[in-house]
Amino acid sequence: MAAGFSGALQLTDLNDFITPSQECIKPVKVEKKPGELAKIKIEDDGSYVQLSEVGEKTKLERAQITLNDCLACSGCITSAESVLITQQSQEELYKVIANNKKLAEEGKLEDKKVIIVSISPQSRASVAVKFKLGLTETAQKLTKFFKDLGVQHVFDTTFSRDFSLAESQREFVERLKNFQNGEKNAIPMLASACPGWVCYAEKTHGSYILPYISTTKSPQQIMGSLVKNYFATSLAKSPDQIYHVTVMPCYDKKLEASREDFYNDIYRTRDVDCVISTVELEKMFEEKGVNFMELENTELDIQFSSVCGDELLSHSGGGSGGYLEHIFTYAAKECFEKTVSDIKYKTLRNKDFKEVTLQVDGKDELKFAAAYGFRNIQNLVQKIKRGKSPYHFVEVMACPSGCLNGGGQIRPGDGQSSKELISTLDELYNSLRTRNPSENQEVEQLYREWLGGESSEKVMKARYFRLERCCTQATMKWKSFTQPLTLNGDSDEATSEDSAVAAICDEYDDFNFTN
Amino acid sequence: MSGCLALLQTLKVDWSPSGTCLASASFDATVCIWDNNSEEFESNATLEGHENEVKSVAWSPSGSLIATCGRDKSVWIWEVQEDNEYECASVLHSHSQDVKRVTWHPNKEILASCSYDDTIKFYKEDDDDWSCFDTLEGHEATVWAISFDSTGDKLVSCSDDKTLRIWQCYEPGNEEGVVTHGSDPKWKTVCVLSGYHNRTVYDVHWSSVTDTIATAAGDDCIRIFQQESALANDLSKAIGSVIMLSWDAYVTITSTSFYSLQIAVQPKTSARPCTSLDTDPSVGDRNKPSFQQVAIQTKAHTQDVNGVKWHPKEPGLLASCSDDATIKIWKFTQD
């Protein structure tokens, strides 16, 4: 399973050797009373009670380990994976659909959930290439497929990307001004649409890097707000009466959707309830016995989709959303009154590290880069740490070749190399007519109707948190191996798999694991 | 070395081919590059990126690349740039468990790594990134170390399964008909040395000077192996001995004083035949070498022997290190 996540996340102990069969070691702080030896008994109903010396029973609270605990703990994230898989898979969607049918049979129509699926343009391209279809046709067949399943609306996240791009453009110009006024942390601005990169930065680079990451939400999460907030209201539904599914090119989007920020405490619902990767979607066709090629071409849901008549629209700047190009042209115009019509990329050390420069009167006024893949992220992060980054903005993506090559995309077919697949995907994806977010009337209208004419912190912005490495392997091992290191050297490693776990336990002497 | 607390946590070091730089892999997830351009060794760069401890570091023969690997299961390749800059050229996630050792091919830009996942992997530069082109399976437990012979056509590996394996490189279109993929060579086991070690074999080093293999093991022994063809025809002659030299002797080593400083001559052991079962049937017989143990140094250290390394030029000079916190220098001689 971990193989589906991006390289950045795989490195972040996502699939450590602590296998799911082992207990989670998330320490739960317990008030310890001195001098008492407690006995713990399991009651018939499965609850745990503590017996005092005089035989009094105290019911023990169950330790709650949430997905977020797991994400915050670098000890073992393997447990989190199983949580993820059960919470965010097509099985959950099937359950909601089945439950809706049951409710309909029982006549409880008002309890039925409105099911909405938002499909990313990268996933759509992946399906199109797999079945050798055009993009519009694929979009129509996908709409048919989901509606047949029992989904009410099928949207396209290209629509919410308009907001994400427009917000990013404004954020950049503001940051640049602040930077010029002496605010050092304002620049470079680093793209935030890739959750693999964001999660990696939070876990590994914390305060060094987080201030630079754009606070604009990704297209997935803006679609989440749009659906659960604006659209729910227009349907006279509360957010929890809507079940929102996205189809995404990567597994890391599942982590993004489960961030605490995107959880509504009042209605106990997430902006995106379930993320299905493109490969999982392909599996759904199989599970449902659907011959995708032969599906009817249904009309598209045009409300939150980027279409002009029958024609699908996209954004310029490639398969990862086009953040670099959109911000570059906007900033050139806003800050330097330059109209950029042709963006010239300079490929640096490899094809996944490219640079764009705006020269005004011989001076480099804007220097942007696209850095894809883990190795380029590394070099970028190290440059920033050492104050040697020349960039104003960097479009950072965890996957080599960007989002079209996401870990959740459909694998190459027989005899096809992944390089061939990516170039086919790239060509098809970029074949659509592009439109600037500012040209989308509906976006402007929504800003007026929904947000009162301006950007909204709550709807458009995300926050990032440095994740304390509470039980990081570095500190943990340091403690446990200090002694053996000088005596035993590396060979102690032969037993390290056991001792690492023991070491975690040592470290948390003050905590109680199971109550 | 000044300001080198980090060395206390150092797991492995490697000299640059020029001998002017030392790279140290550390428990703190970093690799330090030490430079002795001036009188003292100074740390001039830190390679950061590994998630936790770095297990091994190796300079490529040209000195332009550094490979590192670690517990985070990844192998990293760094490019040496001007002005003490080191850029990450690739991060490889091919292994499924922690990676114990990285070693460069002696004359090609090919990297090999071995892991707790029981495999050995080979990497080459492909387009503008590195990729794994061969996975060597055969060991039944952690592969602790690997070492190329001087030609780079053979590789020896040692493992927690108490065996050594000798691997042979088969180029595309090889006479033996070993199936290869594209332009990549394929590596096959041609000899398994089992029955010699009673405990984990932690380290192995193939001398490029004498074509002799030394191993370090958990049974406190150092063993020396040679290929039969390299031995004299009379097997009784194929017996060597390992002699310990003092550390001082090594430090003050000169060509004249060298042999007089030996401390102990260990008893000889007789050779046992190598077991070559379990090799790949597709490999022609003529490529199945027979290796002999020509010497064993029992109680080489009072605890596990963790590492062995031959001197790059001086024939038969061997250094070993151990859990007993000592480094010993040995001289292997043949009668």
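Convention: sequence-line order gives letters A, B, ...; per-chain numbering from 1. This structure is a prediction, so every number in the text was calculated from the model and none was measured.
Neither the backbone nor the side chain of B:D203 has a heavy atom closer than 4.5 Å to any heavy atom of chain A. Looking at B:A89, both its backbone and its side chain come within 4.5 Å of chain A, counting heavy atoms on both sides.
Ring orientation note: the planes of B:H93 and A:F374 are tilted relative to one another, at an angle of 30° to 60°.
We find that B:E87 and A:K383 are joined by a salt bridge, their nearest charged nitrogen and carboxylate oxygen being less than 4.0 Å apart. A salt bridge is absent between B:E79 and A:R375: the closest approach of a Lys/Arg side-chain nitrogen to an acidic carboxylate oxygen does not fall below 4.0 angstrom. Note on B:D127 versus A:K419: salt bridge recorded, some NZ/NE/NH1/NH2 to OD/OE distance being below 4.0 Å.
Per-residue heavy-atom pair counts under 4.5 Å with chain B were compared for A:K388, A:K385, A:K351, and the maximum is reached by A:K351. Per-residue counts of heavy-atom pairs under 4.5 Å with chain B were compared for A:D352, A:V381, A:N379; the largest is that of A:N379.
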Show your working on side-chain contact (heavy atoms from CB on, under 4.5 Å) between B:Q81 and A:R349 and close with a plain yes or no.
CA-CA 12 Å; B:Q81 317 253 302; A:R349 40 181 314 107; 3.7 Å; yes
B:E85 vs A:Q382, test: side-chain contact (heavy atoms from CB on, under 4.5 Å). Steps then yes/no.
CA-CA 11 Å; B:E85 288 284 328; A:Q382 296 307 328; over 6 Å; no
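The environment of A:E427 atom CD is sparse: at most 12 non-hydrogen atoms of other residues, nucleotides or ligands sit within 6.0 angstrom. When the shell of 6.0 Å around NZ of B:K309 is examined, it contains 12 or fewer heavy atoms from other residues, nucleotides or ligands.
The CG atom of A:N376 sits 8.0 Å away from atom SG of B:C88, with the distance rounded to the nearest 0.5 Å.
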